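Please read the structure below before turning to the comments.
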Protein chains: 4
Amino acid sequence: MRTRADTDTTGGTEDGSAVPVPRRLLAAATRLFAEQGYDRTSVQEIVEAAGVTKGALYHYFGSKDDLLHEIYGRLLRLQQERLDLLAGRDAPVEQRLREAAADVVVTTIDNLDDAMIFFRTMHQLSPEKQRQVRAERRRYHERFRALVEEGQRSGVFSTAAPAELVVDYHFGSVHHLGSWYRPDGRLSPQQVADHLADLLLRSLRP
Amino acid sequence: MRTRADTDTTGGTEDGSAVPVPRRLLAAATRLFAEQGYDRTSVQEIVEAAGVTKGALYHYFGSKDDLLHEIYGRLLRLQQERLDLLAGRDAPVEQRLREAAADVVVTTIDNLDDAMIFFRTMHQLSPEKQRQVRAERRRYHERFRALVEEGQRSGVFSTAAPAELVVDYHFGSVHHLGSWYRPDGRLSPQQVADHLADLLLRSLRP
Amino acid sequence: MRTRADTDTTGGTEDGSAVPVPRRLLAAATRLFAEQGYDRTSVQEIVEAAGVTKGALYHYFGSKDDLLHEIYGRLLRLQQERLDLLAGRDAPVEQRLREAAADVVVTTIDNLDDAMIFFRTMHQLSPEKQRQVRAERRRYHERFRALVEEGQRSGVFSTAAPAELVVDYHFGSVHHLGSWYRPDGRLSPQQVADHLADLLLRSLRP
Amino acid sequence: MRTRADTDTTGGTEDGSAVPVPRRLLAAATRLFAEQGYDRTSVQEIVEAAGVTKGALYHYFGSKDDLLHEIYGRLLRLQQERLDLLAGRDAPVEQRLREAAADVVVTTIDNLDDAMIFFRTMHQLSPEKQRQVRAERRRYHERFRALVEEGQRSGVFSTAAPAELVVDYHFGSVHHLGSWYRPDGRLSPQQVADHLADLLLRSLRP
DNA sequence: GATGAATGAGGCTTCATTCAT
DNA sequence: AATGAATGAAGCCTCATTCAT
């Protein structure tokens with residue numbers, strides 16, 4: 001169960017073979033899981049794409065599931081950190097919610113592979129691991145909801161819809177990004193983010 | 001889960017064995033795919049749950065994929081039919097969009113197993129079948145977008161966000177329903193639908 | 001085990017659907033076995049090609065093996081009959097052997113599908129059926145060998161090689177026909193037959 | 001059957017488990033395919049006979065077909081090598097053809113299992129693999145035919161029959177060996193070979 | 001740190017045959 | 001005379017994981 005073993009780029013010659021093995025494995029797994037799905041990607045494919053052997057994979061990761069978990073973790077930690085930062089700022093709640101809503105869109109697009117893997121695979125983990133991941137996710141969800149509730153209490157947001165449902169409304173669109181967003185499309189990540197945040201804020205106008 | 005009626009025992013001896021085999025198989029597959037995911041459900045489990053043998057399954061369905069396709073089809077046909085009906089009515093566009101937006105939520109909740117299977121499994125079909133399904137789905141999407149565009153042209157909806165993106169915003173929340181909606185929760189399907197339709201319409205106010 | 005049920009063409013309208021079912025089945029099976037091999041042809045394919053259902057097949061034939069047996073029988077009976085006729089004629093032994101040698105080539109080419117099925121499938125029957133078929137085949141073989149021996153005794157054929165081996169030499173080339181003979185090739189069946197019979201007779205010159 | 005040596009226990013504890021796994025698998029497959037035919041031999045039987053598990057087989061061979069291909073290859077390579085050697089010698093063409101004709105008989109008998117598998121199974125491969133095998137076989141065939149043509153041009157062989165057909169005549173008898181040759185029969189492989197080569201040469205006398 | 005051969009369980013699918021109608 | 005649903009056994013192959021080196 002040796003997870004989180006990525007010990008940093010050691011110098012790095014031009015061919016990239018100096019990238020540490022754990023990182024190479026994680027990168028290969030991320031790409032393949034995103035392209036083919038978790039179940040349809042074999043350990044053999046991962047090690048071949050990473051240019052190592054099975055023994056190496058099992059040296060760094062306890063199981064195929066561990067790879068998944070690590071991919072999840074990377075994104076979750078990143079987004080949680082940024083939300084805590086933004087929500088804690090000293091600014092009107094509308095602005096803080098708008099920024100938080102846009103930020104989760106941008107970081108999701110910037111890590112679209114990780115995000116898609118997360119959204120699609122979460123529900124097919126063992127119940128035990130599922131509970132663990134859900135718990136981490138919930139903390140994020142609740143911090144976000146607190147922003148909505150704060151605005152509702154202070155009268156700047158409509159209370160027509162329950163805060164809970166509003167948050168799910170927004171996160172639905174974030175989860176859905178992988179189904180339609182294309183890097184070569186007309187809108188930049190930031191533009192998409194601004195639009196979606198705007199839609200959220202508009203829907204909350206009293 | 002297990003939302004829609006697998007209860008139509010037609011005639012039926014006490015064990016329900018009078019239900020036609022294909023229906024029994026479809027019901028069993030739907031339940032298991034929803035509970036465990038497509039890849040993690042074996043054909044063996046399906047036939048055991050349906051009380052038949054593997055041979056019988058392959059007598060009616062060409063492959064495990066075919067079962068999936070049939071489940072998709074049921075829902076797609078239902079929703080397309082209803083959208084065509086609602087969108088074609090003689091009523092102000094705000095009202096038609098509101099009803100369509102609410103209707104897709106209600107039918108999705110009413111068929112939550114089918115819907116979740118659809119949303120989660122679509123992207124792990126063979127590229128060929130995936131294209132076919134996407135094409136059917138697109139028709140639905142475009143009819144919906146046409147409503148938004150109609151309202152934007154006539155000035156009743158804001159043009160701040162592209163119609164395309166607005167539609168994806170709403171469908172994101174629909175896809176997301178399976179992640180949080182629980183039949184035993186505080187809100188009825190219709191209430192959830194009304195809320196989500198309201199959020200959509202609010203976000204489109206000029 | 002109702003074999004040999006072909007009761008003759010009953011009138012026959014223009015679409016061929018008046019061809020009796022057993023004959024249609026036999027024709028379909030012959031073509032498919034020749035094209036794909038016995039094991040790789042399913043009963044389902046046969047009945048579809050014949051335009052009937054499985055029940056019909058099993059009404060006329062006891063098993064898939066029975067179809068095979070019937071195909072064998074047709075050819076064996078034909079060739080045995082003709083050999084008996086030719087060998088019993090009142091003519092010099094060289095002429096009788098030449099004619100017999102050519103005749104088996106012509107009838108094999110004329111029934112190339114049946115022959116190929118026979119040569120290729122014989123050895124994968126159940127040991128019991130295999131013995132039965134071998135016995136029928138042996139009778140043919142021995143009648144042929146008797147001709148060679150007769151010529152050797154009377155001094156018109158060389159005794160350099162055992163008669164047994166000479167016969168196998170010739171039958172080898174007959175069995176091999178399916179591997180190279182093409183109906184659209186340069187040589188007609190009769191020309192091929194004459195050449196092969198000539199090679200046999202030449203190799204027997206003292 | 002079981003002609004060629006599967007007896008090269010390299011080192012080897014008492015149970016022969018020191019023979020490399022791929023060789024054990026190949027030996028087992030060869031024996032079983034020859035005895036029962038390719039289609040009627042299951043992968044399960046092969047691995048049991050070789051004393052390994054299915055996983056091991058698929059570690060070394062991509063498919064059941066691959067085993068077959070390897071068996072083919074062994075024989076094809078051997079015979080091609082020997083023909084090239086014999087045909088290129090500095091000797092009268094009659095002698096070179098006689099030796100080549102006898103040699104293919106001897107090596108076929110010495111590897112009768114491989115040969116029979118080849119002759120019987122070739123035609124039931126996938127069209128693609130079939131073309132590949134045919135191409136390799138054709139090279140052998142053409143080298144052989146060149147010898148006949150050389151003799152015909154120089155007048156030592158009759159031109160009554162086309163060279164092509166003469167070659168097929170001979171190869172027919174080679175393919176047929178498995179149908180009658182028995183190791184415990186009266187004739188040794190070399191005697192059979194000499195007789196068959198003699199019949200060929202006799203049939204070519206002008 | 002890393003190899004790669006081997007395991008063993010399980011996956012999907014095919015098929016000849018039977019039987020009630 | 002013919003149907004076609006259903007069986008049940010078997011078939012080929014995949015894969016995450018382990019372990020001796």
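The basis for the numbers below is simple: all heavy atoms, side chains too, and nothing from hydrogens, waters or symmetry mates. Chain A is the first sequence line, chain B the second, and so forth, proteins listed ahead of strands; every chain is numbered from 1. Owing to the predicted nature of the structure, the values given are computational and were not obtained by experimental measurement.
- Between F33(D) and the choices Y38(D), F118(D), Y72(D), the ring pair (Phe, Tyr, Trp, His ring centres under 6.0 Å) rule is met once, by Y38(D).
- Distance, K64(C) NZ to dT18(E) P: 15 Å, rounded to whole Å.
- When each of dT17(E), dT13(E), dC12(F) is scored by its nearest atom to the side-chain atoms of Y58(C), the top-ranked nucleotide is dT17(E).
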(message) Using a 4.0 Å heavy-atom cut-off to protein, can you give one letter per nucleotide of nucleotides 1-7 of chain E, 5' to 3': B if the base is in contact, S if only the sugar-phosphate is, - if neither?
(response) BSBBBBB

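- dT21(F) and dA2(E) make up a base pair, with Watson-Crick or G-U wobble contacts both under 3.5 Å.
- For dT21(F) and dG1(E), the P atoms lie 23 Å apart once the distance is rounded to whole Å.
- With both pairing distances under 3.5 Å, dC15(F) is matched to dG8(E) as a Watson-Crick or G-U wobble pair.
- Whole-Å rounding puts the L67(C) CG to dT17(E) C1' distance at 13 Å.
- Between Y58(D) and S63(D), the closest heavy-atom pair is CE2-CA, 3.8 Å.
- D65(C) places its CG atom 16 Å from the P atom of dC15(E), with the value rounded to the nearest Å.
- Here the CD atom belonging to E48(A) is positioned 11.0 Å from the OG1 atom belonging to T53(A), to the nearest 0.5 angstrom.
- T30(C) contributes atom OG1, which lies 13.5 Å from atom CE of M116(C) (distance to the nearest 0.5 angstrom).
- How far CG of L26(D) is from CZ of R74(D): 4.5 Å, rounded to the nearest 0.5 Å.
- Residues from residues 34-47 of chain A placing a heavy atom under 4.0 Å of any atom in DNA chain F, listed by number, are T41(A), S42(A), V43(A).
- At a threshold of 4.5 Å between non-hydrogen side-chain atoms, the residues V52(C) and L57(C) do not count as touching.
- Here the side chain of R120(A) pairs no donor or acceptor atom with the backbone of G37(A) at under 3.5 angstrom.
- Rounded to a whole Å, the CZ atom of F61(C) is 15 Å from the C1' atom of dA2(F).
- Within the 4.5 Å cutoff, the side chain of K54(D) has heavy atoms near those of the Q44(D) side chain.
- Computed from coordinates, the D66(D) CG to dT14(F) P distance equals 11 Å when rounded to whole Å.
- Between E35(C) and D113(C) the shortest side-chain heavy-atom distance does not fall below 4.5 Å.
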